[in-house]
**Student:** 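This is the structure, below, for whatever I ask next.
All chains are named by letter (A, B, ...) in the order of the sequence lines, taking the proteins before the strands, and each is independently numbered beginning at 1.
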Amino acid sequence: MPELPEVETLCRQLRQVVFASKISGIQVLDNKIGEVRGLEGREILAVKRHGKVLELELTGNRLILLHFRMTGRLLWHIGDGLYSHVRFVISLSKGRILLIDPRRFATLSVHKKRRPSFLGTDPFEDFNPLYFWEFSQRSHLPIKSLLMDQRRIAGIGNIYACEILHQAHISPWRMACDLSLAEWENIVDVTISILSKAILCHGTTISDWRDLFNRKGMYQNHLAVYAREGERCLECGGEIQRRKLNGRGTYFCPACQN
DNA sequence: CCCTATGTTCCCAA
DNA sequence: CTTGGGAACATAGG
């Protein structure tokens, strides 16, 4: 479920609680997660994010990479509360980080040294309109598919792709190669704007998403098209429609997205 | 029972 | 080679 703003929210909240913490224990509670060894006693040096991947940098050049897929989440646990679907636990002196994941699609891996580079550019690190305009000249994909291609741009999922294209007044089905440089500049601006606002809102809670402290996000109150099929477009009054694109429910306003 | 789901990967067909 | 559809993963909720 978590896209870039949700992972960034966890990232910032983790920094508040794990500063200079030493890992006192690791528990693997799901056999889908492989064996994890040699982390006890290491210190968490930094918490980072690239796209939808959360990275915990540890002493000894160890790197924990977490991808939450559909229903994965993290919970900072200090009380006696019991939670179901706990798959992995990192115990620190001040509390525990629980990985909770009902559908068990989330992945966790431990690396030595650097993060493998299977992901595209993160919108907050480098989202260059000229580069993407030039690249997309040779692309035969609808723009929404390109925005969601993690090997090109890392972090945008179905909700924010719908929202970005609506605010940019571009149809999700427009071929990427047909977009002008000006339209790419607009997409970049709108992407940064929407993702920034969603981060400030601590993400979008449609159903499952909760932050590190079990609180709902707020960006669902700002959605312009996602989950609003049949409702009025706030921009032009048109009727929001939902159609499938690459198997994903795609919300858009046919009147103001071309 | 039916359908849907904020993600990714794989196989297969066009 | 590229792209898209569908299934798979596993579970909850409407």
**Student:** Which sits closer to the 5' end of DNA chain C, A:Arg69 or A:His85, going by the nucleotide each is nearest to?
**Tutor:** A:Arg69
**Student:** Quick one: stems involving DNA chain C, counted as three or more successive Watson-Crick or G-U pairs, both distances short of 3.5 Å.
**Tutor:** B:2-5 with C:11-14, B:7-14 with C:2-9
**Student:** Report yes if a side-chain nitrogen or oxygen of A:Lys52 is closer than 4.0 Å to either non-bridging phosphate oxygen (OP1 or OP2) of B:dT8; otherwise report no.
**Tutor:** yes
**Student:** Return the stacking result for C:dC9 and A:Phe105: yes when the ring centres lie under 5.5 Å apart and the planes under 30°, no otherwise.
**Tutor:** yes
**Student:** In whole Å, what separates the P atom of C:dT3 from that of B:dT6?
**Tutor:**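 To the nearest whole Å, 23 Å.
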**Student:** From the list C:dA10, B:dA5, B:dT8, which nucleotide is the closest neighbour of the side chain of A:Tyr251?
**Tutor:**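 Between C:dA10, B:dA5, B:dT8, the one nearest the side chain of A:Tyr251 would be B:dA5.
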**Student:** Nearest to the side chain of A:His140 - B:dG7, C:dA12, C:dT3?
**Tutor:** C:dT3
**Student:** Check whether the ring centres of A:His77 and A:Tyr83 lie less than 6.0 Å apart, and answer yes or no.
**Tutor:**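 Yes, the ring centres sit under 6.0 Å apart.
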**Student:** Closest approach to the side chain of A:Asn246, judged atom by atom: which nucleotide of C:dG4, B:dT4, C:dC9 is it?
**Tutor:** C:dG4
**Student:** Please determine if a side-chain N or O atom of A:Tyr160 lies less than 4.0 Å away from the OP1 or OP2 oxygen of B:dT6.
**Tutor:** no
**Student:** Under 4.0 Å between a side-chain N/O of A:His67 and OP1 or OP2 of B:dT8, yes or no?
**Tutor:** yes
**Student:** Looking just at side-chain N and O atoms, do A:Asn214 and A:Arg73 make a donor-acceptor pair shorter than 3.5 Å?
**Tutor:** yes
**Student:** To the nearest Å, how far apart are A:Glu229 CD and B:dT4 P?
**Tutor:** 11 Å
**Student:** Ignoring backbone atoms, establish whether A:Arg248 has a side-chain N or O less than 4.0 Å from OP1 or OP2 of B:dG7.
**Tutor:**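 Yes, within the criterion.
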